[in-house]
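One structure below.
Along the sequence shown, residues are numbered consecutively beginning with 1.
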Amino acid sequence: MAKITDLKGFCYPLSPEGTCSLLGNFPWHYGTEYLNIAYRTDPDALAKWIPEPLTLSKEHPDIAYVAFSRWWSVWEDHKELAYTNPERTQYKEAAI
């Protein structure tokens, strides 16, 4: 049975050859598309969405921000993944 010190990789899952990690070694290369929306809103309505212990800004309590992004990333030793296995190189996120 392999010991944890025998296993290699940047992140889990580790393997003896270091090829099972979900992400490859540094350096990573990124590309992204962003849609950012900043707007003013009713501070009382906005406050309902802010969990404790967070609070609205005292200076601008009526400003809200939403960001949508689509990312692509490849690591140096597997640049071809964008073409051969694109689902491993793309992700989407949103932030409010």
So, for [X] and [Y], which heavy atoms are closest and what is the spacing to 0.1 Å?
{"X": "T41", "Y": "A64", "value": "CG2-CB, 4.2 Å"}
{"X": "P61", "Y": "L46", "value": "O-CD2, 3.7 Å"}
{"X": "A67", "Y": "N36", "value": "CB-OD1, 3.2 Å"}

Side-chain heavy-atom pair [X], [Y] within 4.5 angstrom cut-off:
{"X": "K8", "Y": "E17", "value": "no"}
{"X": "V66", "Y": "Y39", "value": "yes"}
{"X": "L81", "Y": "P86", "value": "no"}
{"X": "Q90", "Y": "R70", "value": "no"}
{"X": "L14", "Y": "I4", "value": "yes"}
{"X": "E87", "Y": "N85", "value": "yes"}

With a 6.0 Å cut-off (strictly less than), is the heavy-atom count around CD1 of I96, excluding the residue itself, greater than 12?
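Check fails, neighbour count at 12 or below.
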To the closest 0.5 Å, what do you measure between [atom1] ([X]) and [atom2] ([Y])?
{"X": "I50", "Y": "S57", "atom1": "CD1", "atom2": "OG", "answer": "11.0 Å"}
{"X": "K79", "Y": "T84", "atom1": "NZ", "atom2": "OG1", "answer": "14.0 Å"}
{"X": "H78", "Y": "R88", "atom1": "NE2", "atom2": "CZ", "answer": "7.5 Å"}
{"X": "K92", "Y": "T32", "atom1": "NZ", "atom2": "OG1", "answer": "12.0 Å"}

Would W71 and Y30 count as a ring-ring contact (aromatic ring centres under 6.0 Å, His included) if you check the C-alpha gap in whole Å, the side-chain angles of each, and the deciding distance to 0.1 Å?
CA-CA 7 Å; W71 291 86; Y30 288 94; 5.7 Å; yes
Consider only side-chain heavy atoms of I, L, V, M, F, W and Y, link residues closer than 4.5 Å, and tell whether Y91 and V74 are in one cluster.
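Cluster IDs for Y91 and V74 differ.
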Determine, step by step, whether L56 and D62 satisfy the side chain to side chain contact (heavy atoms under 4.5 Å, CB included) criterion, reporting the C-alpha distance in whole Å, the side-chain angles of both residues, the deciding distance to 0.1 Å, and the verdict.
CA-CA 8 Å; L56 296 177; D62 61 337; over 6 Å; no
Members besides I63 in its Ile/Leu/Val/Met/Phe/Trp/Tyr cluster (side-chain heavy atoms under 4.5 Å)
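Joined to I63, directly or through intermediates: none.
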